[in-house]
Amino acid sequence: MSDVPPATTTPADRQVTPETAGRPVTGADPALRAAYRLCRRRTKDQDPAEYALIQLVPPTLRPALHALWAAANALDDLGDDRTAPAAERAARVEAWITALHRELPTGSSPDPIRHALVDTACRWRLDLSELRDAMAQVRDDTRGRHFADWAQWRAWGRDNLLPWFGLVRTVFDRAGVPVALRLDTREAYEEFLDGVRLTDILTDLSADLAQGDLLLPAEVLDRHPGSAADLTRRRWSPAVAALVTQLTGLARQWVTREALTRGMHPGPATVLDTMAALLRAQLDAVDAAGPALLRSPPRPALRVRARILAPARTRAALAWSLTPLTVPPRHRPGPHRSPAPARPASTGRFRQPPPHPGGEQPPRIPPGLLPAHVAVIMDGNGRWAQQRGLPRHEGHRAGAVTVREVVHGALEIGLRHLTLYTFSTENWRRDPEEVDAILDLLRGELTENPFGELDVRLRWHGRAGRLPPDLVDLLHLRERTTRARTGLTLTMCIDYGGRDELTRTAAALAHRARAGHLEPDLIAEDDFARHLPLGDMPDVDLLWRTGGEQRVSNFLPWHTAYAELHFTPGLWPDADRRDLWQAITAYTHRQRHHGATPAATAPASGTPAASADGPSTARRSAAPAAGPGE
Ligand code: IPE
Ligand code: IPE
Ligand code: MG
C-alpha cells in the first residue's frame with residue numbers, strides 16, 4: 001500500500017487503533033499530500049536502503065520518517081552543493097533554517113520538504129529546536145572540516161546524527177512503542193551511530209574526494225603513512241588499501257551491537273537489526289571495491305540486499321501486528337498560539353527564577369571569582385523527617401523543595417555548573433520502600449519539570465541498568481530538550497557512584513586500546529578525562545555537604561581531586577539558596593595552590609590554577625550585598 005498519508009485510514013491498515021480508525025490523517029490538503037509524496041520519492045531515489053528500512057515500519061509512521069529523512073538530506077545537499085562558493089552555501093543553509101523556524105508556528109511552508117517536516121513536527125509534537133546544533137553544523141561544515149583525532153570526529157558525527165535519530169525515536173514513543181534506551185545501551189547506541197557515519201563516509205569517499213573533503217581523523221590517516229596524500233590524489237596505494245581495511249573493520253565492529261536491541265519492542269528492534277545487516281553488506285561492498293572505491297560509490301548486489309530484506313519484512317509484519325499504534329491527530333497551530341510551543345530555548349527567552357521568599361539578594365561576586373562548578377552532597381533528609389516523627393520519604397519530599405530553592409539561587413548568583421548527588425549506587429541498600437519513594441519523587445519532579453522555563457540545562461550522571469526504564473526515558477527527554485541551553489548546567493547524579501564511574505572509564509579505555517585507537521603506554525590524564533561518562537564535565541571547585549558528616553561517600557572522585565570542601569551541620573531540607581551563597585562566599589576566601597607554592601599561583605603568573613577557576617592565592621573576598629556573609 002502507498003505510504004503517502006492516506007486521506008482516511010483504511011481497514012487494510014491493521015495497526016490503526018479503534019480510536020484512530022477513520023480519522024483523517026492529512027485532511028484534504030493536496031499540497032501536503034504532494035509534499036509527503038516528494039519526501040518519499042527522494043528517499044527512494046537517493047537512498048534505497050533507507051527507503052527499504054522505512055518500509056519495515058507500519059504505513060502510518062512512514063510519512064514522518066520520510067519527512068525527517070528528506071529534510072536532513074535537503075539541508076545536507078544545500079551545504080554540499082559545490083556549484084556555489086562556501087559563503088553562499090552557508091547563507092543558503094542559514095536561510096533554510098531561519099525559514100523553518102518562521103514557518104513552524106504557522107504549520108505550513110511554501111517549500112514542500114519543509115511543509116512535510118513542519119506538519120510532521122505538529123502532528124507528532126516533535127521539538128525541532130533539538131535539531132538546532134545539528135543544523136548549525138551543516139552550515140559550519142561549508143567551511144571544511146579537519147579532525148585531529150577520533151574524539152573530534154566522533155563529537156562531530158554524533159552532534160549531527162543523534163538529534164535526528166532522537167526525533168525518530170520520539171515518533172515511535174508517541175505512537176505507543178517506546179524505544180527505551182537505557183544508559184548501559186546508550187554507549188553502544190552512540191557507537192552504532194558512529195558506525196553509520198563511518199560507513200557513509202567510506203561509501204561516499206569518491207564524491208567527497210572530488211569535492212576536496214577527507215572526512216577522516218588525522219589520527220587514523222597517520223597510522224597509514226602516505227594514505228592522506230594518496231587519497232587526495234585519488235591514487236589507490238597499499239597505504240590506502242590498508243586504511244580502508246582498518247576502517248571497514250572498525251565500522252563493522254561498531255554496527256554489530258546485539259545488546260542494543262535486547263528488551264526493545266520487536267518492531268524497532270527488527271528495523272535496527274536490519275539496518276545493521278544492510279550496513280555490513282555495504283561495508284562488504286566497500287571492501288570488495290578496491291581501486292573502484294575512489295571512482296564511484298560501491299553498492300551491494302541487489303540479491304544480497306534481498307536476502308537481508310525478505311526475512312526482515314516477514315519478521316517486521318509479525319512484530320508490528322502485536323501492538324496497536326496510536327497516530328496522533330494533527331495539532332494545527334492556531335493564529336493565537338505562541339510560536340514556540342513547549343520550549344523557549346530556541347529563542348533564548350527564559351523566565352527569571354522566583355526571588356527568595358524573604359527578599360534576600362545574592363552576594364555580588366565578580367564572575368572571575370565564582371566557582372565554575374559546585375557539587376553538593378544533599379544529606380540529612382532522613383534525620384530531618386525522623387526529628388519530626390515523619391516517615392523518611394517525607395524528608396526526601398522536603399529535600400526536593402530545597403533543590404528547587406538552591407537551583408534558583410544558583411541561577412541568581414550566575415553559577416555555570418551545579419551537580420547534585422541525588423541517589424548513590426550504595427543507596428540501593430536502603431529499604432525498598434524508601435528507594436521506591438525516592439524514585440517516585442524523582443519521576444514526579446521530572447514530569448512537573450519545575451525548571452522548564454528557566455535557563456537550565458539538565459544532565460544526568462549515573463547508571464541506567466537498575467533504574468526504572470520510564471525514569472531513564474524521562475531523564476533522556478529532559479536532557480534532549482534542554483541541551484541547547486547555556487545558563488546553568490544542572491547535573492543530577494542518579495544511581496551514581498564514583499568507583500562505578502572510574503571502573504566504566506577504565507573499561508572504555510581498555511576497549512579503545514584493544515581496538516587499536518589508544519596506545520596503553522601513552523594514556524594520559526586527558527585521555528582518561530575524555531573517556532569519563534560525562535567527558536566534558538569540568539572539575540569541581542567547591543564540594544558542599546550538608547548534614548554534618550565529613551566524608552565524600554563515593555562522589556565524583558575524579559572531578560573533586562582539587563575541590564575546596566565545605567561541610568555544614570544543617571540538614572538538607574532546612575537549607576535554602578542563602579546557604580549556597582554562603583558556601584560560595586566562603587569559597588572566595590580560600591587560597592588554592594594546586595600543588596604549587598603560593599607565589600607561583602598569583603593571578604599574574606598565568607598558571608592554570610590562577611586562570612579561570614576563582615580564587616587563587618590572595619585573599620580576595622566577595623562583597624556580599626544583602627546576602628549572608630561568612
Ligand atoms: C540524603 O539524605 C538523601 C539521599 C541519600 C537520597 P539521607 O536520606 O541520607 O538523610 P540521612 O543522612 O539519613 O539523614
Ligand atoms: C550520600 O549520602 C548520597 C546522597 C546524598 C545521594 P548518604 O547518606 O547515602 O551517604 P553515607 O551513607 O552517609 O555515606
Ligand atoms: Mg545520609
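Note that ligands are numbered from 1 as they come in the structure, with each ligand's atoms numbered from 1 the same way.
In this structure, atom 12 (O) of ligand 2 has no protein heavy-atom contact shorter than 4.0 Å.
Annotation: E433, atom CD; neighbour count of heavy atoms from other residues, nucleotides and ligands within 6.0 Å does not exceed 12. With a 6.0 Å radius and a threshold of 12 heavy atoms from other residues, nucleotides or ligands, R499 has its CZ atom at or below the threshold. Within a 6.0 Å sphere centred on CD of Q352, heavy atoms belonging to other residues, nucleotides or ligands number 12 at most. Within 6.0 Å of CD on E525 lie no more than 12 heavy atoms contributed by other residues, nucleotides or ligands.
Partner Y421 forms a ring pair (Phe, Tyr, Trp, His ring centres under 6.0 Å) with one of F555, W544, W572 and no other, that one being F555.
Within D379, the N/O/S atom positioned nearest the Mg ion (ligand 3) carries the name OD1.
Distances shorter than 4.0 angstrom occur between a heavy atom of R545 and an atom of ligand 2. The closest approach between G547 and ligand 1 stays at or above 4.0 Å for every heavy atom of the residue. Judged by the shortest distance from any of its heavy atoms, Q386 lies outside the 4.0 Å radius around the atoms of ligand 1.
Checked against the 6.0 Å centroid threshold, F147 and W156 count as a close aromatic pair. Annotation: F528 is in aromatic contact with W558 [ring centroid separation under 6.0 Å].
Interface of R551 with ligand 2, defined as ligand atoms under 4.0 Å from a residue heavy atom, comprises 11 (P), 13 (O), 14 (O). Atoms of ligand 1 lying under 4.0 Å from at least one heavy atom of T422, given by number and element, are 6 (C). Annotation for ligand 1: atoms under 4.0 Å from non-hydrogen atoms of I438 are 6 (C). Taking every non-hydrogen atom of M378 and a distance limit under 4.0 Å, the qualifying atoms of ligand 1 come out as 1 (C), 2 (O), 3 (C).
The cationic atom of R478 (NZ for Lys, CZ for Arg) does not lie both less than 6.0 Å from the six-membered ring centre of F451 and within 45° of the ring axis.
Of the protein's non-hydrogen atoms, D379 OD1, 3.1 Å is the one closest to atom 8 (O) of ligand 2. Among all protein heavy atoms, the one lying closest to atom 10 (O) of ligand 1 is G382 N, 2.9 Å. Counting protein heavy atoms only, atom 9 (O) of ligand 2 is closest to N427 ND2, 2.9 Å.
Of the candidates R392, R383, R430, the one placing a heavy atom closest to atom 14 (O) of ligand 1 is R383.
Checked against a 3.5 angstrom limit, the closest N/O atoms of S553 and ligand 2 fall inside it. Taking any N or O of S424, backbone or side chain, none lies under 3.5 Å from an N or O belonging to ligand 2. Taking distance alone, with nitrogen or oxygen atoms compared against 3.5 Å, F423 stays at or beyond that limit from ligand 1.
Interatomic distance, L272 CG to Y189 OH, rounded to the nearest 0.5 Å: 8.0 Å.
By the 4.0 Å N-to-carboxylate-O rule, R443 lies close enough to D440 to be salt-bridged with it.
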